[in-house]
Amino acid sequence: MSTAATYRCAICGREHPGPPLSYGFGAPLAYYDVSSWFRWYRCHLTTDTCRIDEKHFFILGNIRIPIRGQDKSFSWLAWVSLSCANFERSLALWQTEGREKEPLYFGWLSSSIPGYPETLNLKTMVHTQPLDVRPEIELETSEHPLSLEQQHGITWERVNEIASIANHHIAG
Ligand SMILES: [Zn+2]
């Protein structure tokens, strides 16, 4: 947040504050697919977890992307779906010291991230972090641009481009 005061937006051409180094999604995409009339009984959404129909289980984590030549990283705060067993396990360990020793959990990426080919249902591994730190989401190694960015890092120009796209596509 501190590197540049403003950046020139590639979408509207104006100067915006930032660029921010993180963008997030308030809920998994599947939540928005449930009509708002039914959400109150089909969905249970918190700041870090979401359950739908007691059949689909999601957790929020960071897809961290190194910025080349900087000691900072950019991150997408995105949702992944977990198996029921792993979801319950992560809840059971929520307040447990040493939980970062958990084995990796498999997760399907459950956010549609703007500025890439479709990211929904990319395969990921979820790394549980120490107390009070959100999990890290590692994308399966593939030729998908999001996976390539996580593997190889991005330039500062790309951070500005992501900010331009995200500002105009993510409502918060
Ligand atoms: Zn703009």
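None of the values given here were measured: they were computed from a predicted structure.
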| request: Could you tell me which non-hydrogen atom of V126 sits nearest to which non-hydrogen atom of P135, and how far apart they are? | output: CG1-CB, 3.6 Å

| said: On a heavy-atom basis, which atom in L109 and which in A78 lie closest, and how many Å separate them? | reply: CD1-CB, 4.0 Å

Once you round to the nearest 0.5 Å, how far does [atom1] of [X] lie from [atom2] of [Y]?
X	Y	atom1	atom2	result
C9	N160	SG	CG	9.5 Å
F38	D53	CZ	CG	11.0 Å
I52	C43	CD1	SG	4.5 Å
F25	Y31	CZ	OH	16.0 Å
N62	Q129	CG	CD	8.5 Å
K123	L139	NZ	CG	12.5 Å

| field | Residues C50, W79; criterion side-chain contact (heavy atoms from CB on, under 4.5 Å); working and verdict | value | CA-CA 9 Å; C50 182; W79 295 83; 3.9 Å; yes

Using side-chain heavy atoms (C-beta onward) and a distance below 4.5 Å, is [X] in contact with [Y]?
X	Y	result
T49	T46	yes
L60	T47	no
I162	P19	no
R99	W94	yes
L146	I63	yes
W76	R64	no
S83	F57	no
I59	S90	yes

| For T124 and E140, what are the C-alpha separation, side-chain angles and deciding distance, and is it a side-chain contact (heavy atoms from CB on, under 4.5 Å)? | CA-CA 5 Å; T124 75; E140 178 189 53; over 6 Å; no

| Taking atom types as modelled, is there a side-chain donor on Y7 or N167 under 3.5 Å from an acceptor on the other? | yes

| field | Nonpolar side-chain network containing M125, other nodes, edges under 4.5 Å | value | L104, F106, W108

If you group Ile, Leu, Val, Met, Phe, Trp and Tyr by side-chain heavy-atom gaps below 4.5 Å, do [X] and [Y] land in one group?
X	Y	value
L148	I165	no
L77	I137	yes
V133	L21	no
Y105	L91	yes

Within a 6.0 Å radius of atom [atom1] on [X], are there more than 12 heavy atoms belonging to other residues, nucleotides or ligands?
X	atom1	answer
Q95	CD	no
H44	NE2	no
D132	CG	no

| message | Could you tell me if R68 sits above the aromatic ring of W156, with its cationic atom closer than 6.0 Å to the ring centre and no more than 45 degrees from the axis? | response | no

| Cation-pi geometry met for R158 and Y116 (6.0 Å, 45°) | yes

| For F58, ring-ring contact (aromatic ring centres under 6.0 Å, His included) partners two or more places apart | none

| message | Could you walk me through whether S110 and L29 satisfy the side-chain contact (heavy atoms from CB on, under 4.5 Å) test, starting with their C-alpha distance in whole Å, then the side-chain angles of each, then the deciding distance to 0.1 Å, before giving a yes or no? | response | CA-CA 6 Å; S110 302; L29 191 64; 5.9 Å; no

| said: Can you tell me which residue among E100, E102, E138 is in a side-chain hydrogen bond (donor to acceptor under 3.5 Å, both in side chains) with H127? | reply: E138

| task | Quickly, which of E15, R14, H16 forms a side-chain hydrogen bond (donor to acceptor under 3.5 Å, both in side chains) with T6? Name it, please. | result | E15

| query | With S142, which residues qualify under side chain to side chain contact (heavy atoms under 4.5 Å, CB included), at least two apart? | reply | H144, S147

| said: Before you tell me yes or no, could you show the steps for L93 and T128 under side-chain contact (heavy atoms from CB on, under 4.5 Å), namely the whole-Å CA-CA distance, both residues' side-chain angles and the distance that decides it to 0.1 Å? | reply: CA-CA 10 Å; L93 294 175; T128 304; 5.9 Å; no

